[in-house]
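The model shown is predicted, which means the values in this text are computed figures rather than measured ones. Letters go in sequence order (proteins before strands), and every chain restarts at 1.
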There are 2 protein chains.
Amino acid sequence: MDQNSLPPIQTSARDDAVLKALVGFVRAEALQPGERLPTERILAERLKVSRNTVREALTRWEGLGLVERRQGSGTYLKAAVSHDMLHMPLTLAGGNDFTSLMQTMEIRRALEAEAAALCAERASQADIAEIARKLDIMEQAFRTRDGMSSEEDWEFHQAIYRASGNPLFEQIIAAMYELFHRFWEHPLGVRDFGHASFPYHRTIYERIAARDPQGARAEALKLIATVEDDLKRGAAKLKLSSQT
Amino acid sequence: MDQNSLPPIQTSARDDAVLKALVGFVRAEALQPGERLPTERILAERLKVSRNTVREALTRWEGLGLVERRQGSGTYLKAAVSHDMLHMPLTLAGGNDFTSLMQTMEIRRALEAEAAALCAERASQADIAEIARKLDIMEQAFRTRDGMSSEEDWEFHQAIYRASGNPLFEQIIAAMYELFHRFWEHPLGVRDFGHASFPYHRTIYERIAARDPQGARAEALKLIATVEDDLKRGAAKLKLSSQT
DNA sequence: GTGCAGAAATTGGTTGGACCATTGGACCAC
DNA sequence: GTGGTCCAATGGTCCAACCAATTTCTGCAC
């Protein structure tokens with residue numbers, strides 16, 4: 001017998017029911033991100049549940065980043081919601097050791113290369129112009145501040161993800177933003193971390209503009225490789241300077 | 001002025017404090033996944049907060065999959081926790097339309113190819129033996145039932161992710177399990193969905209066993225390509241049969 | 001002693017009501 | 001306008017109880 005033909009009955013799912021009702025409400029009212037939801041007290045009264053139950057439900061949504069609560073002001077929608085949403089609560093063990101950072105780079109390598117290739121295939125002229133704009137900003141920031149800028153660099157890559165034609169890339173990588181950016185916060189003491197990656201930003205752009213997926217993929221891989229090299233340099237340095 | 005020089009102050013974070021204390025408790029008691037946490041009432045008393053606050057905190061952890069609550073029994077640890085955990089609550093718009101499924105496959109293609117390549121580089125002999133075992137099970141299931149088996153197929157791929165030497169792959173893909181498996185639940189009406197992918201499971205294994213990263217990557221890409229073809233077949237069929 | 005049914009205790013789930021802290025607008029004096 | 005004060009609205013916390021599922025204990029029949 002198929003296990004799925006007899007799912008466990010749901011005896012109690014009060015807060016789930018609240019969320020379901022809330023999805024319906026958002027749809028019915030066509031609420032956009034940024035707009036305010038009804039107050040907890042009103043929700044409790046309308047749904048005939050206690051305010052605590054409403055709060056547990058909203059806490060779950062808040063944890064998923066769907067909603068933001070501001071004391072004294074209200075509860076605000078932060079993202080679009082729909083009934084067929086898929087939640088991927090992914091919690092990773094952190095750490096700024098060499099191994100963790102290297103593992104992060106392997107994920108980024110996989111996603112970045114694919115996104116660059118897809119982008120070269122599909123990006124519209126407007127997308128490419130936008131990427132060029134971000135590239136200019138980044139290069140200028142590099143020259144004036146004489147070093148990689150985390151913010152501008154990120155925006156450049158983000159533009160590529162967005163132009164890949166697959167919103168999942170942008171969403172996944174945005175969720176991993178914090179993970180990726182631990183490099184710039186704790187670059188293992190490497191001076192000029194990321195310097196070597198600078199020229200490849202332009203070469204990636206050129207391959208994309210030339211509609212060359214394999215070329216774009218190759219340049220993206222080169223960029224990641226320089227970052228990995230910086231990482232290894234930092235790790236070697238650490239090993240020399242101190243032993244814990 | 002730099003926007004970051006005046007960050008908003010943190011006024012109150014009762015439930016965050018509860019979670020922080022709980023992390024300390026788990027560490028101090030060396031609790032393993034599966035073990036039971038103190039009851040909500042005890043936590044409330046010990047931490048000098050109300051049970052409601054404890055519940056909000058635990059609700060957050062439950063949403064992150066770190067903890068499981070069983071009424072009448074207790075709250076159980078589901079995963080290792082540490083103070084430097086990174087949360088990636090990723091919610092994706094669902095949908096079983098062709099576009100959504102295709103986008104999912106592009107993510108899988110990126111991760112699967114990279115994982116297969118890394119696996120070919122790093123897998124231990126024991127890892128390879130385990131992959132071979134899963135492959136045998138899957139192939140036998142295929143023959144007896146004359147069709148791809150979602151469960152056994154998944155275990156085979158999971159073994160590869162695990163042997164990639166990078167736990168992030170397994171974690172990310174496990175979180176996306178539901179996303180990937182909508183293919184088998186709603187294969188767009190394609191009979192024998194996934195049939196064409198069958199032979200590539202063995203070729204992937206062979207390239208891994210031969211320590212051939214590029215070969216493993218290529219075979220993984222071929223496997224994904226067959227699934228994408230099935231998908232396109234299904235989409236074309238749908239287009240013919242009905243117009244919404 | 002063993003086995004088992006039922007009572008009792010334990011534990012998460014829910015309720016209702018209260019009060020606090022923050023917010024944001026209304027209003028006012030200057 | 002500017003700045004200050006007040007006040008209602010709103011999320012945050014607390015308390016005390018009860019409900020529902022689960023586990024544990026008890027005592028009886030054998």
Side-chain angles (χ1 to χ4, degrees), chain A residues 6-22 25-26 29 31 33-79 81 89, chain B residues 6-22 25-26 29 31 33-79 81 89:
Chain A
L6 266 183
I9 60 170
Q10 210 54 330
T11 162
S12 147
R14 277 285 227 272
D15 39 4
D16 262 331
V18 168
L19 289 183
K20 217 169 139 190
L22 221 34
F25 176 82
V26 169
E29 301 284 316
L31 283 193
E35 293 195 64
R36 222 189 69 170
L37 271 62
T39 73
E40 297 178 349
R41 287 171 176 85
I42 291 182
L43 285 175
E45 182 192 356
R46 292 274 208 286
L47 300 173
K48 294 295 179 201
V49 296
S50 95
R51 197 181 142 213
N52 262 335
T53 305
V54 171
R55 282 186 61 75
E56 291 239 349
L58 287 179
T59 298
R60 294 237 294 273
W61 264 17
E62 191 184 27
L64 290 170
L66 294 180
V67 113
E68 176 182 355
R69 302 207 277 203
R70 282 201 289 254
Q71 185 175 173
S73 176
T75 304
Y76 298 83
L77 205 56
K78 254 178 79 177
V81 299
Chain B
L6 265 182
I9 61 171
Q10 201 59 323
T11 163
S12 102
R14 274 285 225 274
D15 38 5
D16 260 333
V18 169
L19 289 183
K20 217 170 139 191
L22 221 33
F25 176 82
V26 169
E29 301 284 316
L31 283 192
E35 293 195 64
R36 222 189 70 171
L37 270 64
T39 74
E40 296 177 351
R41 287 171 176 84
I42 292 183
L43 285 175
E45 183 191 355
R46 291 273 207 286
L47 299 173
K48 294 294 180 201
V49 297
S50 94
R51 199 179 143 215
N52 253 334
T53 304
V54 171
R55 281 187 61 76
E56 290 235 355
L58 287 179
T59 298
R60 293 236 294 272
W61 265 17
E62 191 184 28
L64 291 171
L66 294 179
V67 114
E68 178 183 354
R69 293 148 116 176
R70 270 180 269 164
Q71 185 173 174
S73 176
T75 303
Y76 298 83
L77 206 57
K78 255 179 80 178
V81 301

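Summarising the geometry, the separation between CZ on A/R41 and P on C/dG16 is reported as 14 Å, rounded to the nearest angstrom. Distance A/I42 CD1 to D/dA8 C1': 14 Å, rounded to the nearest Å. Straight-line distance from the CZ atom of A/R36 to the P atom of C/dG25: 11 Å, rounded to whole Å. The CD-P distance, from A/E68 to D/dG12, rounds to 10 Å in whole Å. Residue A/L58 contributes atom CG, which lies 14 Å from atom P of D/dT13 at whole-angstrom precision. Atom-to-atom, CD of A/Q71 to C1' of C/dT22 comes out at 5 Å; the value is rounded to the nearest Å. Rounded to an integer number of Å, the gap from CG of A/L37 to C1' of D/dA9 is 16 Å. The interatomic distance linking A/E56 (CD) with D/dT13 (P) rounds to 13 Å, in whole Å.
Using a 4.0 Å heavy-atom criterion, one finds that A/R70 contacts the sugar-phosphate atoms exclusively.
OP1 or OP2 of D/dG11 lies within a sub-4.0 Å distance of a side-chain N or O belonging to A/T75. Taking only side-chain nitrogens and oxygens, B/R69 never comes nearer than 4.0 Å to OP1 or OP2 of C/dT11.
Between B/L37 and B/L31, the closest side-chain pair of non-hydrogen atoms falls below 4.5 Å. Residues B/W61 and B/L22 meet the side-chain proximity criterion, which asks for heavy atoms closer than 4.5 Å. Here the side chains of A/R69 and A/E40 are in contact, with some heavy-atom distance below 4.5 Å. Side-chain contact between B/L77 and B/V67 is present, with at least one heavy-atom pair separated by less than 4.5 Å. Taking 4.5 Å as the limit, some side-chain heavy atom of B/D16 sits within range of a side-chain heavy atom of B/R60.
Listed nucleotides C/dG13, D/dT23, D/dG11 differ in distance to B/E40; the shortest reach to its side chain belongs to C/dG13.
Residues from residues 46-55 of chain B with heavy atoms under 4.0 angstrom of DNA chain C, sorted by number: B/R51, B/R55.
Checked for salt-bridge contact, B/E68 and B/K78 miss the test: no charged N lies under 4.0 Å from a carboxylate O.
In this structure a side-chain-to-backbone donor-acceptor pair under 3.5 Å is missing from B/R55 to A/E56.
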